[in-house]
Q: 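If you scroll down you'll find the structure; I have some questions about it.
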Amino acid sequence: MNLEIPYKYTEVIDLALDTIEKDKQALIFVNTKSSSEAQAERISKKNKKTNQALDILADEILNILSSPTKQCKRLSECVRKGIAFHHSGLNSKQRELIEDNFRNGLIKIICCTPTLAAGLDLPAYRTIIKDLKRFTRRGMQFIPVLEYLQMAGRAGRPKYDKIGEAICIATSEKQKEEILEMYIKGKPEKIFSKLSAEPVLRTYVLSLISTGLVNSKKQLFEFFSKTFFAHQYGDIQKMESLLLKVVDLLKNWNFINVEENSNSMFQSADSLNEENKYVATLLGKRISELYLDPYTANKLIEGLQKEQEKNDFSYLHLISNTLEMMPLLSIRKSDYEKLEEKLSLNEDYILDTDLFFDDHYYLLSTIKTAFFFEQWINEMTEDRIFEKFNVRPGEIKFKIDVADWLLFSCYELSKVLMLKSNLNVLTKLRLRLKYGVKEELMSLVKIELIGKVRARKLFDSGIKNIKDLKNIGLETLKSIVGEKTAINIKKKIQMG
DNA sequence: GGACGGTGAAACTTCAGGTTGCCTC
DNA sequence: GAAGTTTCACCGTCC
């Protein structure tokens, strides 16, 4: 760790310290999670002001998880000095604590990613926008003016301050001019319709047909011609051919039927015929209710229908290979060997065999993502996961939620398609995923008040299910999970 | 002499966010 | 492309 602070950082630190000196608060926007952590750390090391309330808060933050992660420790040490970092990788309780204690004035500075710019109402006297560039596929690019406005708009607290300050940090004289032109004098960019993204378009077309709002080509065109999407797209003919392409896909996947209209003079079952009727199939309806992108749904179905032998990894990999799971975990140099090994070990269990002939890097990313889920359901701790996979607690939660939704979708699709062999495995997997436990803990974890940590402790002490819990003496239980919890658990079991 | 700790440069890694599902053990 | 993090060689100190 380098304690010497390079010149270019000092102005942000000075601004932060000046804010504290004035007894005001500031938000500092940076472009990455680790940048927000490093920035908060630098400021906290320079800030001398602490107090008892901050100590209490710092301890609370440290002990939110059963075993504190590196991130918890780092955040806790910053908060001890009244400084915090805030991004999507934080545990949700920690995030809430930071927000609440910024509102009540205890925390003076938050270094954050753009999470805080939109949605959350957290005004500050001063907003410092340190990074106006962000990494994209085309390298470092200036962020949109709209985003800049969101961030700058956090400055000034209506009830407390008459003014607010939004400060941009330029890295050079040239950039200073660019920022002035683009953000201060510039206009916000136009808004674009989200429908232009194909997955969204597919989902909407299916949902329109499925709910019966649209049931012919004519109605479909009519509906879309009134949307903002059409207004922006301009070329109506091109849009119509795009829509027909989607309809054909849905038909090929058996999510909708195109039925002939018996009154029509020209009978043909294709989707082009003006008068043919679009009707969602049972499968299509379910997919629409699940909010699944039809493309993903089709992929899942193809996998679920495979008759080859499946294991847990098969399903975890199936859901990792979807648009919804993007972005997949990225691969480090040191990962390759392990991932290749994992791949060859599970080659026979992978359901989407097309992957073997495609982009190998992508294949390995799907393997790594599935591997991450597999480690999670085998009780790898959050700290270890951060270390091994570089996924922070808040991101684990997010990925798990997506996975659970997709597994549930797999379950529902299997039900509609009468693929009964998948059902039990999927239910089991979902439960294990939810708690992050091995199969042996499943019956314990189902009991209220018992999560992954307590379940593991109990199991290792020979208590393996609810019957064991009933039979065990209160004193013994106390020695395992602590006094209060033991009493509460006993109460719960007797009631249930 | 060896263990240990601090240092700094070079190599490596990563890059914001967060929609949507449901009743079953 | 830039910043943050990790790794590693090097050096001085202490026992």
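In this text, all values refer to a predicted model and were calculated from it rather than measured experimentally. So that the names make sense, note that chain A is the first sequence line, chain B the second, and so on, each numbered from 1.
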Q: What orientation do Y183(A) and Y148(A) show, parallel under 30°, tilted 30 to 60°, or perpendicular over 60°?
A: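 Plane angle between 30° and 60°, so tilted.
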Q: Whole angstrom is fine here: how far is it from CD1 in I43(A) over to P in dG4(C)?
A: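 These atoms are roughly 12 Å apart.
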Q: Tell me the interatomic distance from E412(A), atom CD, to dT20(B), atom C1', rounded to whole angstroms.
A: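 Checked: the CD to C1' distance equals 14 Å.
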Q: Just to verify, what does Y411(A) make a side-chain contact (heavy atoms from CB on, under 4.5 Å) with, not counting sequence neighbours?
A: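 Only K415(A), L423(A), L426(A), T427(A) meet the side-chain contact (heavy atoms from CB on, under 4.5 Å) criterion with Y411(A).
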Q: For DNA chain C, produce a single dot-bracket line, 5' to 3'. Pairs: Watson-Crick or G-U wobble, both distances under 3.5 Å. Symbols: ( ) within strand, [ ] crossing, | other strand, . unpaired.
A: |||||||||||||||
Q: By side-chain contact (heavy atoms from CB on, under 4.5 Å), which residues pair with E302(A), not counting sequence neighbours?
A: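 Partners of E302(A) under the side-chain contact (heavy atoms from CB on, under 4.5 Å) test: N298(A).
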Q: Does S35(A) place a side-chain N or O at less than 4.0 Å from the phosphate oxygens OP1/OP2 of dG4(C)?
A: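 Yes.
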Q: How long is the line joining CG of L429(A) and P of dC22(B), in whole Å?
A: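 Whole-Å distance recorded here is 20 Å.
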Q: In whole Å, what separates the P atom of dG1(C) from that of dG18(B)?
A: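 It works out to 28 Å between them.
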Q: Between protein and nucleotides 13-19 of chain B, map the contacts as a letter string: B base, S sugar-phosphate only, - none, heavy atoms under 4.0 Å, written 5' to 3'.
A: SSBBSBB
Q: Enumerate the side chain to side chain donor-acceptor pair (under 3.5 Å) contacts for residues 111-124 of chain A, please, sequence neighbours excluded, ordered by first and then second residue.
A: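 Sorted pair list: T113(A)-T115(A).
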Q: Between E37(A) and H87(A), is there a side-chain donor-acceptor contact under 3.5 Å, judged purely by atom types and distance?
A: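 E37(A) and H87(A) do have a side-chain donor-acceptor pair below 3.5 Å.
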Q: How far does the P atom of dG17(B) sit from the matching atom of dG4(C), given to the nearest Å?
A: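 The answer is 16 Å between these two P atoms.
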Q: Output all residues satisfying ring-ring contact (aromatic ring centres under 6.0 Å, His included) with F255(A), sequence neighbours left out; order by chain, then residue number.
A: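 With sequence neighbours excluded, F255(A) shows a ring-ring contact (aromatic ring centres under 6.0 Å, His included) to W253(A), given in chain and number order.
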Q: Taking only residues two or more places apart in sequence or in another chain, which ones pass side chain to side chain donor-acceptor pair (under 3.5 Å) with E440(A)?
A: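 By the side chain to side chain donor-acceptor pair (under 3.5 Å) rule, E440(A) matches R456(A).
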Q: Please report, rounded to the nearest Å, how far the C1' atom of dC25(B) is from the CZ atom of R430(A).
A: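 So the two atoms are 11 Å apart, to the nearest Å.
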Q: Just how far, in rounded Å, is P of dC23(B) from CZ of F408(A)?
A: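 About 6 Å, once rounded to whole Å.
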Q: Ignoring backbone atoms, test whether R286(A) places a side-chain nitrogen or oxygen under 4.0 Å from the OP1 or OP2 oxygen of dG21(B).
A: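 Negative; the distance criterion is not met.
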Q: Carefully, step by step, assess R126(A) and T19(A) under the rule side chain to side chain donor-acceptor pair (under 3.5 Å).
A: CA-CA 8 Å; R126(A) 188 178 268 170; T19(A) 312; 2.9 Å; yes
Q: Rounding to an integer number of Å, can you tell me how far D131(A) CG sits from dA2(C) P?
A: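 It is 12 Å, rounded to the nearest whole Å.
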Q: Heavy atom of residues 432-451 of chain A under 4.0 Å from DNA chain C: which residues?
A: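 Contacts with DNA chain C under 4.0 Å: none.
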Q: Test of understanding: with side-chain contact (heavy atoms from CB on, under 4.5 Å), list the residues that count as partners of K176(A), not counting sequence neighbours.
A: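 A170(A), E173(A).
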Q: Suppose we screen for side chain to side chain donor-acceptor pair (under 3.5 Å). Which residues come up paired with N390(A), at least two apart in sequence or across chains?
A: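 Side chain to side chain donor-acceptor pair (under 3.5 Å) check on N390(A) returns nothing, list empty.
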Q: May I have the distance from Y336(A) (atom OH) to dC12(B) (atom P), rounded to whole angstrom?
A: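 Taking OH of Y336(A) and P of dC12(B), I get 14 Å after rounding.
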Q: Checking D404(A) now: which residues fulfil side chain to side chain donor-acceptor pair (under 3.5 Å) with it, not counting sequence neighbours?
A: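 R430(A).
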Q: What is the distance from CD of Q39(A) to C1' of dT5(C), rounded to the nearest Å?
A: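 Going from Q39(A) (CD) to dT5(C) (C1'), I get 16 Å.
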Q: Please output the side-chain donor-acceptor pairs of residues 325-336 of chain A that fall under 3.5 Å, not counting sequence neighbours, one pair per line with the distance.
A:
| unit_1 | atom_1 | unit_2 | atom_2 | d |
| --- | --- | --- | --- | --- |
| D335(A) | OD2 | R332(A) | N | 2.9 |
| D335(A) | OD2 | K368(A) | NZ | 2.7 |

